[in-house]
Amino acid sequence: MLDIKLIRESPKLVKDNLKRRNDPEILKRLDELIKKDERYRICLKELEELRRKRNEVTVKVAQLKKEKKSADVEIKEMRIV
């Protein structure tokens with residue numbers, strides 16, 4: 001089993017070593033894995049950004065409620081997210 005960290009850091013090295021097996025199916029799977037891993041990392045980044053935004057708005061809403069002000073706009077915005 002190959003470590004994903006190795007595949008991320010040295011995909012050419014991994015691909016060259018797998019070519020020695022003369023199995024095109026393995027290379028195809030490796031290419032798919034690399035593409036899916038890239039997509040996963042993009043989605044993870046987007047998720048972290050949304051969580052950061054949620055946390056900021058949560059603090060803002062708490063502050064507004066503490067000041068006895070309306071936080072309806074922020075709450076509606078977060079429901080969309």
Side-chain angles (χ1 to χ4, degrees):
M1 176 158 291
L2 295 172
D3 184 23
I4 190 69
K5 185 176 178 183
L6 175 67
I7 295 171
R8 287 177 185 154
E9 292 174 356
S10 306
K12 182 160 175 34
L13 174 70
V14 173
K15 189 176 268 190
D16 289 342
N17 283 325
L18 289 175
K19 281 182 183 178
R20 293 183 199 168
R21 295 184 181 198
N22 292 324
D23 188 357
E25 186 63 31
I26 292 176
L27 293 175
K28 182 180 174 184
R29 288 182 187 171
L30 177 66
D31 290 335
E32 290 174 6
L33 173 69
I34 292 170
K35 288 177 186 176
K36 288 180 181 182
D37 183 58
E38 288 174 7
R39 178 70 182 138
Y40 165 76
R41 296 180 80 172
I42 290 169
C43 290
L44 187 61
K45 185 177 179 181
E46 291 172 2
L47 175 65
E48 292 298 323
E49 180 64 27
L50 289 172
R51 284 180 178 160
R52 181 193 62 78
K53 185 175 179 180
R54 179 192 64 194
N55 290 339
E56 288 175 355
V57 172
T58 300
V59 170
K60 187 175 180 181
V61 167
Q63 183 181 1
L64 288 171
K65 286 187 176 185
K66 192 174 188 180
E67 296 172 359
K68 308 257 190 234
K69 294 181 182 177
S70 176
D72 292 339
V73 175
E74 288 80 7
I75 292 172
K76 285 181 183 177
E77 181 181 326
M78 282 296 94
R79 285 192 178 141
I80 293 171
V81 172

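What you see is a predicted model; the values in this text were computed from it and never measured. Position 1 is the first residue of the sequence; numbering continues from there. The analysis underlying the following values was restricted to heavy atoms, covering all of them including side chains, and did not include hydrogens, waters or symmetry mates.
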task: Only one of L27, I34, L6 passes side chain to side chain contact (heavy atoms under 4.5 Å, CB included) with V14; say which it is.
output: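 Exactly one pass, corresponding to L6.
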
Listed partners of K65 passing salt bridge (Lys or Arg N to Asp or Glu O under 4.0 Å), at least two apart: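 For K65, no residue satisfies salt bridge (Lys or Arg N to Asp or Glu O under 4.0 Å) once neighbours in sequence are set aside.
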
Rounded to the nearest 0.5 Å, how far apart are [atom1] of [X] and [atom2] of [Y]?
X: R29; Y: D23; atom1: CZ; atom2: CG; value: 7.5 Å
X: D16; Y: S10; atom1: CG; atom2: OG; value: 10.5 Å
X: E74; Y: M78; atom1: CD; atom2: CE; value: 9.0 Å
X: I7; Y: L18; atom1: CD1; atom2: CG; value: 8.0 Å
X: L47; Y: R54; atom1: CG; atom2: CZ; value: 8.5 Å
X: I4; Y: R41; atom1: CD1; atom2: CZ; value: 8.5 Å

- prompt: Does the side chain of E25 come within less than 4.5 Å of K28's, by heavy atoms?
  reply: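 A side-chain contact under 4.5 Å exists here.
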
- prompt: Are the side chains of V61 and V57 in touch, meaning some heavy atoms are under 4.5 Å apart?
  reply: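 Side chain of V61 against side chain of V57, heavy atoms only: contact under 4.5 Å found.
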
R52 with E49: basic N within carboxylate O range, under 4.0 Å: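 Judged by the 4.0 Å cut-off on N to carboxylate O distance, R52 and E49 do form a salt bridge.
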
- request: State, to 0.1 Å, how close L64 and S70 come at their nearest heavy-atom pair, and which atoms those are.
  value: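 Minimum heavy-atom contact is CD1-O, 3.9 Å.
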
query: CZ of R21: more than 12 outside heavy atoms within 6.0 angstrom?
result: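 No, CZ of R21 has 12 or fewer neighbouring heavy atoms, counting only those of other groups under 6.0 Å.
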
- prompt: What's the verdict on salt bridge (charged side-chain N to carboxylate O under 4.0 Å, His left out) for K35 and E32, showing C-alpha distance, side-chain angles and the deciding distance?
  reply: CA-CA 5 Å; K35 288 177 186 176; E32 290 174 6; over 6 Å; no

message: Keeping D37 on the side-chain end and L33 on the backbone end, is there a donor-acceptor pair under 3.5 Å?
response: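 No.
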
